[in-house]
K.L.:
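This is the structure I have questions about; it appears just below.
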Amino acid sequence: MLLVVVSLLLLTAYFGEAPNGRLHAVQRDFLTVVSPIQDGANKALKPVRNLFGWIDNTVHAKKQRDELLKQVDKLRAELVSSQSEKRSYHELLGLYHLDDQLSIGDYHPVTATVVGKSPNIWYATVDIDQGESAGVHVNDPVINGEGLVGKVALATSDGAEVSLITDSTMGVSARLGTTNATGIVQPKLGDPNDLLLQYLPANTVANPGEYVVTSGTVSSPDDSLYPPGILIGQVTSVNEESAYESVNVRPAANLHNLDVVQVLTAAQGTLPANLSHLAVSLPVGQGAGASGSSGEALASTGAG
Amino acid sequence: MTPGSGPSFGLLVRIAVLAVVVVFVQIGVVSEVPLFGVSIDISPLLVVFVGLLCGSTVGALTGFAVGLLVDLTLVQTLGVTSLIFTLIGYWSGRLRELRDPQAALTPLLVGAAGTAAALVGYSLMEFLLGVDAPVSLELVRQIVIGILLGTMVALPMWVIVRRSLVGALPEDPRRRRRRAYTTGGLSPLSRP
């Protein structure tokens, strides 16, 4: 009975306090102590994990090969058409002096290894082995070679906790690849292979297979400023709703099997960091990118 | 644990070591190998089996400690896992104290019930605390698969927990009596 009461008190206190409160600080301190142990345990247990991973990969290899062969055919056709478009695009960029844009390298990416993962279906989080000592801060975007992974939720000196884009706390400002319609990508709890791009204008034309990328905008002061153009996923289906349209999106990054990720730290004094400060300091609805066509797009980085 | 006798220091140390190892193996390996899109959770199994072997007090204590460790390590809402694990640890301990089930399938059923209680309890708590994101019906499928996977690993987990603790478990007089009858000893009722 006493333990139940203590649990309830902890729960109430934790839920009611601010993110910089005492219990959150205890959690951060605990993670600081545990991070090196977790890192060591991860290295020691890596062969076991690899063995299970190898079995899983072998089971799915044939299906993946067939899917990839189809994709190669499709992409080859797309490449041919996009090459001519790319040439025109660069000509236009030069014409309007917009070719001095930010690249991922400008965001000072820090490479980190995933050392732990939550088993809980309500929390989609992973632990990484780089923290504040490497320049990682809370809200920094996290990517891998496939696309957007999530953002840093908590950082300690030698480790950090990353909320994946399928975590219930996440919301990412995004746009559809071809139409430029913007909305907010949210997870669908219970389905880690499905995201929901919501608040698209009602007349938006979205086709299955279309890419969804980060818009480079923030929707609230608490939001992370993700660099524009990072792949989030592909549209799988369209939902008809009354005022706004929403589409289902399959994440591009394989979030079940994360090993190495990059944290975009945007070091102090750099252009991305300055833009980030500027974006979050703007009052909601006053940003340069506000289009009025959706529920977000409030502050543009001007980089995409 | 019999009424009136507390857990030995050796038993508590063994449980503490086992809890730390299980939580780190869970986070570092088991969680990263999803089956049918769901990660197996072995921490509730540890709690119910400690309760089943050591009784309600030790079960509840283990549940609270393991839950707190999980919440701290995974930066989850502090107290949620502790609350659920305390209750399932206590429940499995009471099951032992009141019924003392001896069937071979007991660990399997208790493991399944413990996993189900943890998954459903956690979902209820999250709903009570408020969910910002849309919830998919797939959640039900995930819970069902989670219970099946928990049941699948219940027996190996039972063997690990029992072997880790068996040397430090005190002899239970009821079991000693029962063993005596079944191995040829006379029941007190049949003695002259």
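Sequence lines set the chain letters: A, B, ... in the order given, protein chains first and strands last, and positions in each chain run from 1. Only heavy atoms go into these numbers, but all of them, side chains included; no hydrogens, no water, no symmetry mates.
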K.L.:
Evaluate the side-chain proximity of A/Thr125 to B/Gln76: yes if any heavy-atom separation is below 4.5 Å, no if none is.
P.N.:
no
K.L.:
Quick one: which of A/Val34, A/Val4, A/Leu31 has the most heavy-atom pairs under 4.5 Å with chain B, could you say?
P.N.:
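That would be A/Val4.
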K.L.:
Side chain, backbone, both or neither: which part of A/Val115 has a non-hydrogen atom closer than 4.5 Å to chain B?
P.N.:
backbone
K.L.:
Among pairs that include at least one residue of residues 37-78 of chain B, which meet ring pair (Phe, Tyr, Trp, His ring centres under 6.0 Å), considering only residues two or more places apart or in two chains?
P.N.:
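Every pair satisfying ring pair (Phe, Tyr, Trp, His ring centres under 6.0 Å) with a residue in residues 37-78 of chain B: B/Phe49-B/Trp158.
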K.L.:
Looking at B/Val80, B/Leu87, B/Thr73, which has the largest count of heavy-atom pairs under 4.5 Å with chain A?
P.N.:
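Among B/Val80, B/Leu87, B/Thr73, the one with the most close pairs to chain A is B/Thr73.
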K.L.:
Please rank B/Ser123, B/Gly146, B/Ala60 by heavy-atom pairs under 4.5 Å with chain A and give me the top one.
P.N.:
B/Ser123
K.L.:
Heavy-atom cut-off 4.5 Å, strictly under: side chain, backbone, both or neither for B/Ser43 against chain A?
P.N.:
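Nothing of B/Ser43, per the 4.5 Å heavy-atom cut-off to chain A.
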K.L.:
From A/Leu9 CG over to B/Ser82 OG, what is the distance, rounded to the nearest 0.5 angstrom?
P.N.:
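The distance works out to 12.0 Å.
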K.L.:
Need one label for A/Gln27: side chain, backbone, both or neither, based on atoms under 4.5 Å from any heavy atom in chain B.
P.N.:
both
K.L.:
For A/Leu258, which atoms come within 4.5 Å of any heavy atom of chain B: side chain, backbone, both, or neither?
P.N.:
backbone
K.L.:
Which bit of A/Ser118 is near chain B, if near means a heavy-atom gap under 4.5 Å: side chain, backbone, both or neither?
P.N.:
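Contact with chain B: backbone and side chain both.
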K.L.:
So do A/Leu11 and B/Leu129 actually touch side chain to side chain, heavy atoms under 4.5 Å?
P.N.:
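Answer yes - side chains close enough.
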K.L.:
Is the number of heavy atoms from other residues, nucleotides or ligands under 6.0 Å of A/Arg250 CZ greater than 12?
P.N.:
no
K.L.:
Of the non-hydrogen atoms in B/Ser39 and A/Lys117, which two are nearest, and what is the gap between them?
P.N.:
OG-NZ, 4.4 Å
K.L.:
Quick check for you: to the nearest 0.5 Å, what is the distance between B/Leu61 atom CG and A/Leu2 atom CG?
P.N.:
9.5 Å
K.L.:
Measuring from A/Lys188:NZ to B/Leu139:CG, what's the distance to the nearest 0.5 Å?
P.N.:
12.0 Å
K.L.:
Testing B/Thr86, B/Leu68, B/Leu83 one by one against A/Leu3 for a side-chain contact (heavy atoms from CB on, under 4.5 Å), which residue passes?
P.N.:
B/Thr86
K.L.:
Got A/Phe30 and B/Val75 here, is their nearest side-chain heavy-atom distance under 4.5 Å?
P.N.:
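Not in contact.
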